[in-house]
Amino acid sequence: MEKYSRWRDASTGIQPFLPPVPLRTEANPLITLHKTLKDYLLGPLIFGVRLVGILLCSLLIALFEFCLNFVPNGHLRRQFRRVLISPFSRLLLLFTGFYWISSELSSIRKGRGQGATRKKTTDTGVKSGDIIVANHTSYIDIIYLYFRYDPVFTQIYSSKSVVRPLSFWSALKECGTYPEIEPKSKVQTYTLSELCDIAKEQGRGPLVVFPEGTTSNGRALLKFTSIFDGLDIQKIRIHIVALKYVYEDYAPVYTVGSRLFHFFRLCSQYNNSLTVKRLNPADASLTDTVEASGSSNEEAASLKINSLFSQVARLRKVNLGVLDKRDFLEFYWSRTNSKYRQEQKKR
């Protein structure tokens, strides 16, 4: 769309904020008929059945989380959470159409026997206080990471190298909203190193960090924020997890628009597909990079994480970031939402 051309990356031609549009197929009466039935009859029926399961699982998860707050020992509480909550968080993915999730352990090392190996991964190496670096394209990312790692989610700010810890529900609420530039006055924030120490001491699980600071449509890697500034890489383990959605009709990625309508369309599909690639921990060590680099620890760590993530996810980097996404959202809603336009006129 030409009206959104200012948010097209000049070097790659990619527009990372627009919702993806499925590829056009040849006109076929049977395909057209099936699509009409799916959109107006079968889809709503599928959504209705799934919605019952989603609401029930959400209620049970909230109930278990409330009860587990009374367990005094953090490490014991985490074990109970994994046993009680993990099955229902997986059911949430099942009821949204993700019946099977492909998970691979990837290596970027070259040479015989060290090529881009791909095999089924287990996450036993991820511990409390570690950092999981992931790309962010949908609220489904939140549900998957919650199921797999039971982590502490974080909200980052583009103007400061601090984070705010978020619960699972808060992370879902924040997905796709206006990225915040700086924390509000009464919000408690920490550096990544501080929050890692707290999570490790209290057994709260790993930290999930979305270094792009906002959602994209999954076609490129946005500019990283300065979140890794001051990170003590000698003490903290980094895990790189790349999430990719494969689709033919409606894309599970969510960047802009009505979240309820997107959720309805997502759950109305027969099935959805998610592929997860996790970098081999042996390839994610940053110590050697810093020692061999002339940059400071913070600069070297940030550059290395960005480079590793791009290789694992196989995404091209664009020169657009959080501030560009804010401008895009402002323009989008001013053009599509009459209520928003009326509020702007009153100012």
Side-chain angles (χ1 to χ4, degrees), residues 57-94 101 103 105 120-134 136 140-156 161-174 187-211 227-228 230-241 243 276 278-282 284-287 301 305:
C57 288
S58 299
L59 178 62
L60 290 172
I61 289 173
L63 178 62
F64 284 135
E65 284 192 333
F66 174 77
C67 294
L68 289 174
N69 287 330
F70 297 99
V71 178
N73 185 285
H75 296 278
L76 182 61
R77 181 168 60 246
R78 177 167 170 75
Q79 295 303 317
F80 279 129
R81 287 175 61 89
R82 296 293 290 172
V83 173
L84 295 174
I85 295 179
S86 182
F88 292 103
S89 55
R90 180 61 183 95
L91 281 174
L92 278 180
L93 292 168
L94 185 70
I101 298 174
S103 185
L105 183 64
K120 190 174 180 180
T121 177
T122 58
D123 299 308
T124 55
V126 181
K127 302 178 181 178
S128 292
D130 291 358
I131 292 179
I132 298 172
V133 180
H136 195 16
I140 298 298
D141 306 339
I142 306 292
I143 302 175
Y144 171 78
L145 294 168
Y146 180 68
F147 152 68
R148 180 61 66 187
Y149 300 104
D150 187 23
V152 177
F153 292 97
T154 59
Q155 180 179 2
I156 65 179
S161 301
V162 293
V163 298
R164 175 168 74 100
L166 297 176
S167 67
F168 167 63
W169 305 106
S170 296
L172 283 177
K173 181 181 177 181
E174 292 295 327
V187 172
Q188 179 67 51
T189 59
Y190 308 85
T191 65
L192 266 183
S193 295
E194 291 172 344
L195 194 55
C196 285
D197 290 339
I198 294 173
K200 185 176 182 179
E201 181 181 348
Q202 298 180 358
R204 296 175 60 184
L207 270 60
V208 166
V209 175
F210 300 121
I227 190 59
F228 298 114
L231 184 65
D232 188 351
I233 62 172
Q234 306 293 338
K235 296 169 51 180
I236 300 173
R237 298 178 63 204
I238 304 292
H239 303 271
I240 293 178
V241 178
L243 308 171
V276 182
R278 179 181 162 210
L279 180 62
N280 190 324
S285 175
L286 306 180
T287 305
I305 292 172

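The basis for the numbers below is simple: all heavy atoms, side chains too, and nothing from hydrogens, waters or symmetry mates. A quick note: this is a predicted structure, and the numbers were derived from the prediction, not measured. Sequential numbering from 1 along the given sequence is applied to the chain's residues.
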So NZ of K235 and SG of C196: to nearest 0.5 Å the spacing works out to 9.5 Å

What one should report as the nearest heavy-atom pair of D150 and R82 is N-NH1, 3.4 Å

Examine distances only and state if a side-chain atom of S128 and a backbone atom of K200 form a donor-acceptor pair shorter than 3.5 Å. no

Taking R237 for the side chain and K127 for the main chain, is one N or O donor matched with an acceptor at less than 3.5 Å? no

Would R148 and I132 count as a side chain to side chain contact (heavy atoms under 4.5 Å, CB included) if you check the C-alpha gap in whole Å, the side-chain angles of each, and the deciding distance to 0.1 Å? CA-CA 11 Å; R148 180 61 66 187; I132 298 172; over 6 Å; no

CD1 (I142) and CH2 (W169) are apart, to the nearest 0.5 Å, by 12.5 Å

Taking the side chain as every heavy atom from C-beta outward, state whether P165 and Y190 have any pair of such atoms under 4.5 Å apart. yes

Least distance between heavy atoms, I240 atom then I305 atom: CD1-O, 4.2 Å

When every non-hydrogen atom of L68 is compared with those of R77, the smallest separation belongs to O-CD, 2.8 Å

Minimum-distance pair of heavy atoms, taken over all atoms of Y149 and R78: O-NH2, 3.0 Å

Distance in Å, L195 CG paired with L207 CG, rounded so as to fall on 0.5 Å steps: 4.0 Å

Does the side chain to side chain contact (heavy atoms under 4.5 Å, CB included) test come out yes or no for S86 and F147, once each step is laid out? CA-CA 5 Å; S86 182; F147 152 68; 3.6 Å; yes

Students often mix this up, so state it plainly: with edges at 30° and 60°, are the rings of F168 and Y146 parallel, tilted or perpendicular? parallel

Would you indicate whether the side-chain heavy atoms of L93 and S89 approach each other to under 4.5 Å? no

Output the distance between atom CG (L166) and atom NZ (K173), rounded to the nearest 0.5 Å. 10.5 Å

Kindly indicate whether the side chain of V163, heavy atoms from C-beta on, has any atom under 4.5 Å from the side chain of V209. no

Taken to the nearest 0.5 Å, the spacing of I227 CD1 from I156 CD1 works out to 5.0 Å

Could you give the distance from CD1 (I140) to CG (L145), rounded to the nearest 0.5 Å? 11.0 Å

Considering non-hydrogen atoms only, spot the tightest contact between P211 and A134 and give its length. CD-O, 3.4 Å

For the pair I143 and L172, evaluate side chain to side chain contact (heavy atoms under 4.5 Å, CB included) and give the outcome as yes or no after the intermediate values. CA-CA 8 Å; I143 302 175; L172 283 177; 4.1 Å; yes

Taking every heavy atom of C57 against every heavy atom of L92, the minimum-distance pair comes out as CB-CD2, 3.8 Å

Is a side-chain N or O of T189 found less than 3.5 angstrom from the main chain of R164, in a donor-acceptor match? no

Audit row: V71, Q79, side chain to side chain contact (heavy atoms under 4.5 Å, CB included) steps and yes/no: CA-CA 11 Å; V71 178; Q79 295 303 317; over 6 Å; no

